[in-house]
There are 2 protein chains.
Amino acid sequence: MGPRLTAYPALRRPARQAPAGRRVVTIRDVARHAGVSPATVSRVLNPSSHPVSARGRRRVLAAAQKLAYIPNLLARSLLTNQTAALGVLIPDVSNPYYAAILRGIEDAVGSIGRTVILCNTDRDPEKQRLYLRALLERRVDGLIIAGGSFGRSESEITGGDLPVVMIGRHPARFPSVRIDNVEAAALATRHLVALGHRRIVHLAGPAVSLTASDRLKGYRRALEAAAIPVEPALIIEVGFTPLRAGAAVRAAFETGRRPTAILAANDQVAIGAIRALHELGLRVPDDVSVVGFDDTPLASYTIPSLTTVAVPTAELGRTAVAMMAVALEGQRVASVVLPCELRMRESTAHPNRRRE
Amino acid sequence: MGPRLTAYPALRRPARQAPAGRRVVTIRDVARHAGVSPATVSRVLNPSSHPVSARGRRRVLAAAQKLAYIPNLLARSLLTNQTAALGVLIPDVSNPYYAAILRGIEDAVGSIGRTVILCNTDRDPEKQRLYLRALLERRVDGLIIAGGSFGRSESEITGGDLPVVMIGRHPARFPSVRIDNVEAAALATRHLVALGHRRIVHLAGPAVSLTASDRLKGYRRALEAAAIPVEPALIIEVGFTPLRAGAAVRAAFETGRRPTAILAANDQVAIGAIRALHELGLRVPDDVSVVGFDDTPLASYTIPSLTTVAVPTAELGRTAVAMMAVALEGQRVASVVLPCELRMRESTAHPNRRRE
DNA sequence: TTGTATGCGTTATCAC
DNA sequence: GTGATAACGCATACAA
């Protein structure tokens, strides 16, 4: 068999009967119809510096309109070495955090006249490899990568000199736009400490995620700065979804000295945690304070509304595209760190606000 | 100026200095390196019926490996008339409903060896037109359309015979996969009626959405079937986000005879409504019952958890792709209606459960 | 079993 | 101001 050399196994053999039928209008049809040469048509339809007579222009436009001519971008790309497409690698669109980033990307990409080719990696190295390959076969103009676990070496990713912009911190040395997750998590933790909390649970994101490990680091740092011992038992990995938050909360709150606060890996985990506390008969924020991360759209509508670190998700996406735009001009681009802010809402308060 | 004839204005003129540099390995390089002809390389790398000697095969594979050859899909597509890409038109990825559908699409598309080219239309007709054009220029193999407002005529969409699958009901006569929103909304409404509610507010989705108007129709129908008068004042359009739910709730609950239940356009609206009720001092479900739509991931974690109509979003996406797969084989494909179910949780109860 | 030649739909270069 | 012509990278019909 040998190594798999293309990302499109299913398409190797064309469909039963080649979809031959689909005969499409070409530039020659337009030319013929307008009584000019294909070259003239091309010059009219593209903003060429080459002069064209008013009459020729009129006829071409009319013919193109009438035949409903749609230029073949593939053919053009073959010639120009530009595909007007950007590849986007993201762990999971159904995660609102990445969905928001993607939305920012999509908007900005449209404004620079390009389109997005999307791939969900699930943080699965094999999928990453395969999709990356597919994107390269498509000759995308550039790559925007958010999340996932890519190795350090640049060539490992592109195998060459394709412009790449990363969203979030990555081992690879590409320009990136990100927030300072260490500081952001420290900020949130300090808020809890300032309120008087000393036993603070951290429901951590997946260990493979640098974002998650940075947040963990910020948590640790803030505690140490406040001379509060970091207890390993209070750090529980639950990922970025609410699924495992419940079990973690029960583990932390049903035995031993009860903690008074939770720093969640993100808003979804926070919501899952609040739910679990509710089922244990513990009130938020009266008995336990909870801080989320990301400021998801729903964070201000939940009951109680969520105190959370607002991450400028759409802005991350837009910035990545802006950086890509300059990279595409062949210029070097510097990394960017966007600011976060703590949005204080109802889910945090002084500990033991309600004495038992 | 004349009409705009391409969707990529920004790319008309190539970048400052053509990104010329990016010289890539071609099939000829591999051929030369392996000491064979390009034809042989092609035959080895593609599962061709044409015989190739074991030795030749070995040499080609080795050369391809060594040169890190990545075939140019554009060139291949030009020849085969297949791009291995599917265009997906969606109103808004950051809406969890569409994000879930997209996820389903993405997964299935991967399994048939294709990639997704994504466009957010925002339900904006101009954007729809532009993106559609872009997708056609890219010569996508097919189109999957969810949401949005497309006209009735088929040719209006594709201008030809491109396979199209719709998700949700659309005026256009393409095969579609959808749920029966009329019945689903009626189901939810009947649930409220069965509990004893008679003054039921409907916070409706955007009027342009057929999904929204179907849900409204189901609400009406269920009320009429129960001989409950439909009061226009109880039907308030708020869209599919929580933003305007608050104002609508205040309008409906602060004056006149107080309603006892809400049928929300979707879960996000439901969550927004519950928040607003909470701020008015009304308890859910004690004072007011609320039913959502979609069964968003968070619906079972909110407090109270949401009674909602579960829509098989990912399944909608996967089914659309399955239908597309047969359409791509040139066969006709029939529309599909997927079942919904009511998930009863904490947000609904008998009216006046708590007497004032 | 191998290689040569042709063409997919464009745009750029050149000659007119 | 216009039109041939070549080339982009590949897959295939055909010749050897």
Side-chain angles (χ1 to χ4, degrees), chain A residues 5-6 8 11-14 18-20 22-32 34-60 64 67 69-84 136-139, chain B residues 5-6 8 11-14 18-20 22-32 34-60 64 67 69-84 136-139:
Chain A
L5 281 164
T6 176
Y8 300 100
L11 293 182
R12 282 319 193 42
R13 189 164 302 285
R22 238 152 66 206
R23 170 88 182 105
V24 180
V25 180
T26 77
I27 199 170
R28 293 157 98 113
D29 300 321
V30 178
R32 195 161 27 233
V36 298
S37 75
T40 301
V41 175
S42 175
R43 293 197 266 256
V44 170
L45 266 29
N46 301 352
S48 155
S49 60
H50 209 95
V52 176
S53 70
R55 177 171 163 285
R57 181 176 305 274
R58 239 189 359 257
R59 299 190 54 128
V60 167
L67 299 180
Y69 169 63
I70 295 183
N72 186 327
L73 209 61
L74 276 51
R76 175 189 295 174
S77 293
L78 206 52
L79 221 38
T80 62
N81 257 315
Q82 295 215 60
T83 53
L136 294 180
E137 291 186 358
R138 281 233 144 66
R139 298 295 191 264
Chain B
L5 282 164
T6 177
Y8 299 99
L11 293 181
R12 285 317 194 43
R13 190 166 298 287
R22 236 150 71 206
R23 171 89 182 106
V24 180
V25 179
T26 79
I27 199 172
R28 294 157 96 113
D29 299 322
V30 178
R32 195 161 26 232
V36 299
S37 75
T40 302
V41 175
S42 174
R43 293 197 265 257
V44 171
L45 265 30
N46 302 352
S48 153
S49 60
H50 208 95
V52 176
S53 71
R55 178 173 163 285
R57 182 177 305 273
R58 240 191 355 259
R59 301 191 53 130
V60 167
L67 298 181
Y69 169 63
I70 295 183
N72 185 328
L73 210 60
L74 276 50
R76 174 189 295 174
S77 295
L78 208 51
L79 227 36
T80 62
N81 257 315
Q82 294 215 62
T83 52
L136 294 180
E137 291 186 357
R138 280 231 148 65
R139 296 296 189 264

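Numbers restart at 1 for each chain; the letters A, B, ... are given by sequence-line order, proteins then strands.
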Please list, for nucleotides 14-16 of chain C, all pairs of protein and nucleotide N/O atoms separated by less than 3.5 Å.
none

A/Thr83 side chain vs A/Ser77 backbone, donor-acceptor pair below 3.5 Å = no
query = Where is the tightest heavy-atom contact between A/Thr26 and A/Tyr69, given as atom of each residue plus distance?
reply = C-CE1, 3.6 Å
note = All heavy atoms of B/Ala84 vs all of B/Leu73, minimum pair found to be CB-CD2, 4.5 Å
task = Can you sort out the partners of B/Arg32 under salt bridge (Lys or Arg N to Asp or Glu O under 4.0 Å), two or more places apart, ordered by chain and number?
result = B/Asp29
key: Under-4.0 Å side-chain N/O to phosphate OP1/OP2 contact, A/Ser53 with D/dT2   = yes
task = Please report the closest heavy-atom contact between B/Val30 and B/Val60, naming both atoms and the distance.
result = CG1-O, 4.1 Å
key: Relative orientation of the end axes in the helix from C/dT1-D/dA16 to C/dC16-D/dG1, expressed as an angle to the nearest 10° (five pairs per end)   = 50°
message = When you measure from the side-chain N and O atoms of A/Ser37 to the phosphate of D/dT2, is any distance below 4.0 Å, counting only OP1 and OP2?
response = no
Could you list, one pair per line, each protein nitrogen or oxygen that sits under 3.5 Å from a nitrogen or oxygen of nucleotides 7-11 of chain C, together with the distance?
| unit_1 | atom_1 | unit_2 | atom_2 | d |
| --- | --- | --- | --- | --- |
| C/dG9 | N2 | A/Ala75 | O | 3.3 |
| C/dT10 | OP1 | A/Tyr69 | OH | 2.8 |
| C/dT10 | OP1 | A/Asn72 | N | 3.1 |
| C/dT10 | OP2 | A/Ile27 | N | 2.6 |
| C/dT10 | O5' | A/Tyr69 | OH | 3.3 |
| C/dT11 | OP1 | A/Asn46 | ND2 | 2.8 |
| C/dT11 | OP1 | A/Arg76 | NE | 3.1 |
| C/dT11 | OP1 | A/Arg76 | NH2 | 3.3 |
| C/dT11 | OP2 | A/Ser42 | OG | 2.9 |

A/Leu74 backbone acceptor or donor facing A/Asn72 side chain under 3.5 Å = yes
In residues 36-44 of chain A, what donor-acceptor pairs under 3.5 Å come from side-chain atoms, sequence neighbours left out?
| unit_1 | atom_1 | unit_2 | atom_2 | d |
| --- | --- | --- | --- | --- |
| A/Ser37 | OG | A/Ala39 | N | 3.4 |
| A/Ser37 | OG | A/Thr40 | N | 3.3 |
| A/Ser37 | OG | A/Thr40 | OG1 | 3.3 |

